[in-house]
2 protein chains.
Amino acid sequence: MASTTTKTADRPKRQRFSPAERERLIVDGAIQFFAKVGFAGQTRELAQRLGISQPLLYRYFPTKKDLIERVYDEVFMGRWKSEWEDIIVDRAAPLRDRLVGFYDAYASEVLTYEWIRIYMFAGLADEDINRRYIDLLEQRLLIPVCTEIRAAAGVVDPEAASISDLEIEAAWNIHAAIFYYFVRKFIYRTPVEPDLAAYIRDTVDRTLEGAFVVIRKADNTNSPKAKN
Amino acid sequence: MASTTTKTADRPKRQRFSPAERERLIVDGAIQFFAKVGFAGQTRELAQRLGISQPLLYRYFPTKKDLIERVYDEVFMGRWKSEWEDIIVDRAAPLRDRLVGFYDAYASEVLTYEWIRIYMFAGLADEDINRRYIDLLEQRLLIPVCTEIRAAAGVVDPEAASISDLEIEAAWNIHAAIFYYFVRKFIYRTPVEPDLAAYIRDTVDRTLEGAFVVIRKADNTNSPKAKN
DNA sequence: TCCCTTATTTATCGTATGATAAATAATAAA
DNA sequence: TTTATTATTTATCATACGATAAATAAGGGA
């Protein structure tokens, strides 16, 4: 009466998946769940959201800690794309455009709801993931960006002197301003500018300006006598 | 043999305080404790750190939730000083110096270990404290700052047009850059510039530069025809 | 010095929670 | 169709945790 097949109506009580598929479902669900409620979230509630029994989690992960470790791995490992480093140093385009292009990609592929929240939960939980990630970011993004800023500011040999702390701070200002957009969106849940691309353009323009100020000031200082 | 008084050696098992004093001790301890471990921290552990029994907490606060609410009140209410608003608008000093002066005070009196961490815990817990605080900050700090930026940029009547979203964003960049220093220090626990005053000076200089760019651009647009 | 008030502790309850063991049923092979 | 394998569930344990009740003792007033 309802339809030719009753399969959709009364679904089988037990959905059986291959271990690989089930593990995938659990990990994806755990990422969503822990990103929302934090790592104090209960395994029973996670299981309920996944539509499975709570002990099944323990078939795939011996302890809750193991599952959390897996969530960290999934979220923070491998999202960084090495081709982004190529974008930054490709002087065919203006630095401003390179930064905007990079942050468009970085925002859409890294700065997601799950990433931002789990990153902050991890920091508050005193995990060392944040420090490791910050190291990665300095080496692969901020230091190259600083070199490019020097080049764009007309410094003759941008790689001559090592990057100063002040220059790194200026590069952090760019990055932090982008990051902060997503903190407001996903943590504070404040209304944000709907046009992300426009926000990125404006923010890069503003913060890059500040970075140039640093270089100009330092370059003037260094011109008469190589100092610091 | 040890000393003339044994009082220090064998302290009385039970220290009796007046209700007001004990409440003060509990609230202060709770702020420290929850700032460190988050609001999932257990009442037994809090009591242990306070050197009291766990049920004593319930003599002063009917539920854990009530204690947490009190912590929110203590940390977020009343730290804002209205005289800061006077600093910002006092055009006797250069805007840059006013901002540096304000952030020196704001950093030392608001952006403490407890404030930063509890603020972030609250955000992740979907409390509305953050949104309320952000509103306060926009009204009492950012909008006045935007007006001052206009004035410093030489806009004839800084209060004529309402402040645009883009100008607010520029002011947020200043604030976020300062804020981010403390996120790194107290959440990520990354090494930070030890000279905070120097950091504030440099950061205000850099980010203020970006804010001026916004005004100059907008002012050029507005000069021929009053638009937007 | 004794007594009374009450700040504080000890003992305990009910439920929540991570984790385990045994029972069940879905799927593929025979 | 029957049987073997194993993904999944039900039942359960041990401990953790918020909260309550009764017992204890510190300190002030008579």
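Every heavy atom of this structure was used, including side-chain atoms; hydrogens, water molecules and symmetry mates were not. Chain identifiers are assigned alphabetically (A, B, ...) following the order of the sequence lines, protein sequences preceding nucleic acid strands; residue numbering begins at 1 within each chain.
Contact check, A/Tyr60 against D/dT8: a side-chain N or O comes under 4.0 Å of OP1 or OP2. Distances shown here put a side-chain N or O of A/Arg22 below 4.0 Å from the OP1 or OP2 atom of D/dT8. Phosphate proximity of D/dT8 to A/Tyr58: absent, as no side-chain N or O sits under 4.0 Å from OP1 or OP2. Proximity of B/Ser53 to the phosphate of C/dT8: no side-chain N or O atom is located under 4.0 Å from OP1 or OP2. Remark: B/Arg16 is not in phosphate contact with C/dT6, judged by side-chain N or O atoms under 4.0 Å from OP1 or OP2.
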Do any side-chain atoms of residues 56-66 of chain A form donor-acceptor pairs under 3.5 angstrom with protein atoms, and if so which ones, sequence neighbours left out?
from: A/Thr63; atom 1: OG1; to: A/Lys65; atom 2: N; distance (Å): 3.3
from: A/Thr63; atom 1: OG1; to: A/Asp66; atom 2: N; distance (Å): 3.1
from: A/Thr63; atom 1: OG1; to: A/Asp66; atom 2: OD2; distance (Å): 3.0
from: A/Lys64; atom 1: NZ; to: A/Phe39; atom 2: O; distance (Å): 3.1
from: A/Lys64; atom 1: NZ; to: A/Gly41; atom 2: O; distance (Å): 2.8
from: A/Asp66; atom 1: OD2; to: A/Thr63; atom 2: N; distance (Å): 3.3

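Below 30°, between 30° and 60°, or above 60°: for A/Tyr103 and A/His175 the angle between ring planes is between 30° and 60°, a tilted geometry.
A donor-acceptor pair is defined here as one N or O able to donate and one able to accept, closer than 3.5 Å; such a pair exists between the side chain of A/Arg98 and the backbone of A/Ala93.
Atom P of nucleotide D/dA21 and atom CZ of B/Arg59 are separated by 13 Å, given to the nearest angstrom. Taking atom CG of residue B/Leu56 and atom C1' of nucleotide C/dT6, one finds them 12 Å apart after rounding to whole Å. If you measure from atom CD of B/Glu45 to atom P of D/dA19, you get 17 Å, rounded to the nearest angstrom. To the nearest angstrom, C1' of D/dT6 lies 15 Å from CD of A/Glu21. Between the P atom of C/dA25 and the CD1 atom of A/Ile52 lies a distance of 18 Å, rounded to the nearest Å.
In this structure, B/Arg44 and A/Arg44 both approach DNA chain C, and ranking their closest nucleotides by distance from the 5' end singles out B/Arg44. Summary of the strand contacts: A/Gln54 and B/Gln54 both lie near DNA chain D, and taking for each the nucleotide with the nearest heavy atom, the more 5' one is attributed to A/Gln54.
Nucleic acid contact class of B/Ser18 (heavy atoms, under 4.0 Å, all strands): none. B/Pro55 comes within 4.0 angstrom of a base, heavy atoms only.
For A/Phe121 and A/Tyr72, the gap between ring centers reaches or exceeds 6.0 Å.
Between A/Arg131 and A/Asp135 no salt bridge is recorded (no basic side-chain N to carboxylate O distance below 4.0 Å).
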